[in-house]
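What follows is a set of notes on a single structure, which appears directly below.
Every value quoted in this text rests on a predicted model; they were computed, and no experiment measured them.
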Amino acid sequence: MLKYTEMLLDRASNQRKSPEWLATQKNNDSRWVLTHTDQNYFSQADSSALFLTLAAVQHLDLADAVFLGLDENKANTPYFALDLTHVDEALVGAFLLEGEFRDLRKMTVMLDNPSASLMALARGLAFWHRSHCFCGRCGTVNQSVSAGHARLCTNPDCQHQTFPRTDPAVIMVVRKLFADGIERCLLGRQVEWPEGVYSTLAGFVDPGETLETAVAREVMEESGISVTNVQYLASQPWPFPSSIMLGFIADANSIDIQVDKQEIDDARWFSRAEILAFGDWGDDGPGFKVPRVDSVSRYLIDHWVSLGD
């Protein structure tokens, strides 16, 4: 199963609008998910996800904590996200005695999917709040409302309300049966990636276009390959910082690659046998490598490889 796709909490969308109800949820049974500068909080002892009690955070300002939801499997335990990015260093330092703030993507392979999904949601909402401190219409300071799921302009003549955004991005495995009878898929790489890593092509959806059109446009822009028969496969929340990845498979009409260096660094065709010989992201040494296991790109590549069984 794709990582970050099991945020199983009841978001209580109607109840969380009530300040009175929300106050009752900040109780001794509540659990708190800490973030700091786009990192999540993990145990130093065993790298497990740390969900703190109210007693551990009650000395902090909890007014802008973001309500994440209720765990129906644990007697409706309330979960909150609390971003410590702008908290006094001395207060943050106290938490570092027990745990540490780490990049979620580097830790997620050690987490169960519900925990990884919950921590990804907390990270994404924390980023959104930090990047929407001011009203986009008049520039006045925004305040957090609706339990952290909206921000309201404090200018009485504006009062524009902003909601967390999710940017749709398409990501696609492109396949082609070559004249030698071997089917190959098209993979590309960004120059900033570790040496040898190749992944599926991807890009953001433009205003006014369908997802299928976005797939065809992005593949053409990055590789010069036209595609047909675009089919949806799977989606994955990707709050790194604010996207949802929409995965597709498509058929190429040609094999002649023309890379746009302003888009990607390189693109190549690979057979299933070649991909099965790839190393993993993070492996030392030379050679080709597949993307991280938590990505929808890896899922799409594995899916295509499995079609040859």
Open item on the list: Can a donor-acceptor pair be found, under 3.5 Å and without considering hydrogens, that links the side chain of Y41 to the backbone of F95?
Closed with: yes
Open item on the list: Would the distance check show the side chain of S117 and the main-chain N or O of T5 forming a donor-acceptor pair, the cut-off being under 3.5 Å?
Closed with: yes
TODO: Please answer whether the main-chain N or O of N27 pairs with a side-chain N or O of S30 as donor and acceptor at a distance below 3.5 Å.
DONE: yes
- [ ] Give the C-alpha distance, both sets of side-chain angles, the deciding distance and a yes or no for side-chain contact (heavy atoms from CB on, under 4.5 Å) between L300 and S297.
- [x] CA-CA 5 Å; L300 295 174; S297 175; 5.7 Å; no
- [ ] May I ask you to check whether Y198 and D266 show a side-chain donor-acceptor distance below 3.5 Å?
- [x] yes
TODO: May I ask you to decide if the ring planes of F240 and W238 are parallel, tilted or perpendicular, using 30° and 60° as cut-offs?
DONE: perpendicular
TODO: Taking S131 for its side chain and F127 for its backbone only, find out whether a donor-acceptor pair lies under 3.5 Å.
DONE: yes
- [ ] State yes or no: are the ring centers of F278 and F270 separated by less than 6.0 Å?
- [x] yes
- [ ] Please name the pair of heavy atoms, one in C185 and one in V173, separated by the smallest distance, quoted to 0.1 Å.
- [x] CB-CG2, 3.9 Å
Task: Validation row: F134, T140 side chains within 4.5 angstrom (heavy atoms) - done: no
Task: Distance (rounded to the nearest 0.5 Å) between D71 CG and D29 CG - done: 11.5 Å
TODO: Any chance you could measure S48, atom OG, to M110, atom CE, to the nearest 0.5 Å?
DONE: 9.5 Å
Open item on the list: Treating Y4 as the side-chain partner and M7 as the backbone partner, does any N or O pair qualify as donor plus acceptor under 3.5 Å?
Closed with: no
Open item on the list: Testing the 3.5 Å rule here: is there a donor-acceptor pair between the side chains of S242 and D167?
Closed with: yes
Task: Close side-chain approach of E100 and Q44, heavy atoms under 4.5 Å - done: yes
TODO: Evaluate the side-chain proximity of F42 to M107: yes if any heavy-atom separation is below 4.5 Å, no if none is.
DONE: yes
Task: Note: R298-D280 ion pair, threshold 4.0 Å (strictly below) - done: yes
Task: Under-4.0 Å salt bridge between R105 and D294 - done: yes
Open item on the list: Main chain of R184, side chain of R272: is a donor-acceptor contact present, judged purely on distance under 3.5 Å?
Closed with: no
Open item on the list: Can a donor-acceptor pair be found, under 3.5 Å and without considering hydrogens, that links the side chain of E209 to the backbone of D206?
Closed with: yes
Open item on the list: Here's one to test your reading of the geometry: is the NZ or CZ of R175 within 45 degrees of the ring axis of W304 and under 6.0 Å from its centre?
Closed with: no
Open item on the list: For a 4.5 angstrom cut-off between non-hydrogen side-chain atoms, does P168 reach S243?
Closed with: no
- [ ] With sequence neighbours excluded, give me every ring-ring contact (aromatic ring centres under 6.0 Å, His included) pair touching residues 8-28.
- [x] W21-F67
Open item on the list: If we check side-chain contact (heavy atoms from CB on, under 4.5 Å) with V170, which of these qualifies: T213, T200, V219, V205?
Closed with: V205
- [ ] Evaluate the side-chain contact (heavy atoms from CB on, under 4.5 Å) criterion for residues L307 and I249: first the C-alpha distance (whole Å), next the side-chain angles of each, then the deciding distance (0.1 Å), finally the verdict.
- [x] CA-CA 12 Å; L307 296 177; I249 189 168; 4.1 Å; yes
Task: Pairs touching residues 219-232 that satisfy salt bridge (charged side-chain N to carboxylate O under 4.0 Å, His left out), sequence neighbours left out - done: R217-E221
TODO: Find the distance between CZ (F51) and CH2 (W32) and round it off to the nearest 0.5 Å.
DONE: 14.0 Å
- [ ] Answer yes if the ring centres of W269 and F178 are under 6.0 angstrom apart, and no otherwise.
- [x] yes
Open item on the list: To check you understand the geometry: which heavy-atom pair defines the closest contact between A250 and V227, and what is its length?
Closed with: CB-CB, 4.0 Å
TODO: To the nearest 0.5 angstrom, please state how far the OG atom of S47 sits from the NZ atom of K106.
DONE: 13.0 Å
- [ ] Applying side-chain hydrogen bond (donor to acceptor under 3.5 Å, both in side chains), name anything that partners H160, two or more places apart in sequence or on another chain.
- [x] R137
TODO: Compare every heavy atom of N40 with every heavy atom of V33, then report the nearest pair and how far apart it is.
DONE: CG1-ND2, 4.5 Å
TODO: Following the transitive rule for hydrophobic clusters with a side-chain heavy-atom cut-off under 4.5 Å over Ile, Leu, Val, Met, Phe, Trp and Tyr, establish whether L50 and L96 coincide in one cluster.
DONE: yes
Task: Within one Ile-Leu-Val-Met-Phe-Trp-Tyr cluster: V290 and V197, side-chain cutoff 4.5 Å - done: no
Open item on the list: Before you tell me yes or no, could you show the steps for D283 and K289 under side-chain contact (heavy atoms from CB on, under 4.5 Å), namely the whole-Å CA-CA distance, both residues' side-chain angles and the distance that decides it to 0.1 Å?
Closed with: CA-CA 8 Å; D283 286 353; K289 302 174 181 68; 4.0 Å; yes
Task: same_hphob_cluster(I171, L2) at 4.5 Å side-chain heavy-atom cutoff - done: yes
Name every donor-acceptor pair, under 3.5 Å, that has one atom in a side chain of residues 83-92 and the other anywhere in the protein, sequence neighbours excluded.
{"from": "D83", "atom 1": "OD1", "to": "T35", "atom 2": "OG1", "distance (Å)": "3.1"}
{"from": "D83", "atom 1": "OD1", "to": "T85", "atom 2": "N", "distance (Å)": "3.3"}
{"from": "D83", "atom 1": "OD1", "to": "T85", "atom 2": "OG1", "distance (Å)": "2.7"}
{"from": "D83", "atom 1": "OD2", "to": "T85", "atom 2": "OG1", "distance (Å)": "3.3"}
{"from": "D83", "atom 1": "OD2", "to": "R130", "atom 2": "NH1", "distance (Å)": "3.0"}
{"from": "T85", "atom 1": "OG1", "to": "T37", "atom 2": "N", "distance (Å)": "2.8"}
{"from": "D88", "atom 1": "OD2", "to": "A90", "atom 2": "N", "distance (Å)": "2.9"}

Open item on the list: Would the distance check show the side chain of S306 and the main-chain N or O of H303 forming a donor-acceptor pair, the cut-off being under 3.5 Å?
Closed with: yes
- [ ] Taking atom types as modelled, find out whether N229 and Q231 have a side-chain donor-acceptor pair closer than 3.5 angstrom.
- [x] yes
Open item on the list: List the residues meeting ring pair (Phe, Tyr, Trp, His ring centres under 6.0 Å) with H132, not counting sequence neighbours, and say none if there are none.
Closed with: W128
Open item on the list: What's the separation between atom CD1 in I275 and atom CD1 in I301, rounded to the nearest 0.5 Å?
Closed with: 6.0 Å
Task: Expected output: side-chain K3 to main-chain Q236 donor-acceptor under 3.5 Å - done: no
- [ ] Write out all pairs satisfying side chain to side chain donor-acceptor pair (under 3.5 Å) with one or both partners inside residues 51-65, taking only residues at least two apart or from two chains.
- [x] none
- [ ] Nearest 0.5 Å please: distance from the OG atom of S254 over to the CD1 atom of I225.
- [x] 3.5 Å
Open item on the list: Between P114 and E6, is there a side-chain heavy-atom distance shorter than 4.5 Å?
Closed with: yes
TODO: Check step by step if side-chain contact (heavy atoms from CB on, under 4.5 Å) holds for S146 and F163.
DONE: CA-CA 10 Å; S146 297; F163 299 92; 5.8 Å; no
Task: Test item: F80 and L34 side chains (from C-beta on) under 4.5 Å apart, heavy atoms - done: no
Open item on the list: What I'd like to find out is whether the side chain of L201 reaches to under 4.5 Å of the side chain of E218, using heavy atoms alone.
Closed with: no
Task: Donor-acceptor contact below 3.5 Å, side chain K26 vs main chain L54 - done: no
Task: Smallest separation among heavy atoms of L125 and P164, with atom names - done: CD2-CG, 3.9 Å
Open item on the list: Give me the atom names and distance for the closest heavy-atom approach of L70 to P78.
Closed with: CD2-CA, 3.8 Å
Open item on the list: Taking L52 as the starting point, is it possible to reach L60 by hopping between hydrophobic residues whose side chains are less than 4.5 Å apart?
Closed with: yes
TODO: Taking the side chain as every heavy atom from C-beta outward, state whether L118 and Y79 have any pair of such atoms under 4.5 Å apart.
DONE: yes
Task: Heavy-atom pair of closest approach, residues A202 and M245 - done: CB-CE, 4.5 Å
TODO: Following the transitive rule for hydrophobic clusters with a side-chain heavy-atom cut-off under 4.5 Å over Ile, Leu, Val, Met, Phe, Trp and Tyr, establish whether M220 and I255 coincide in one cluster.
DONE: no
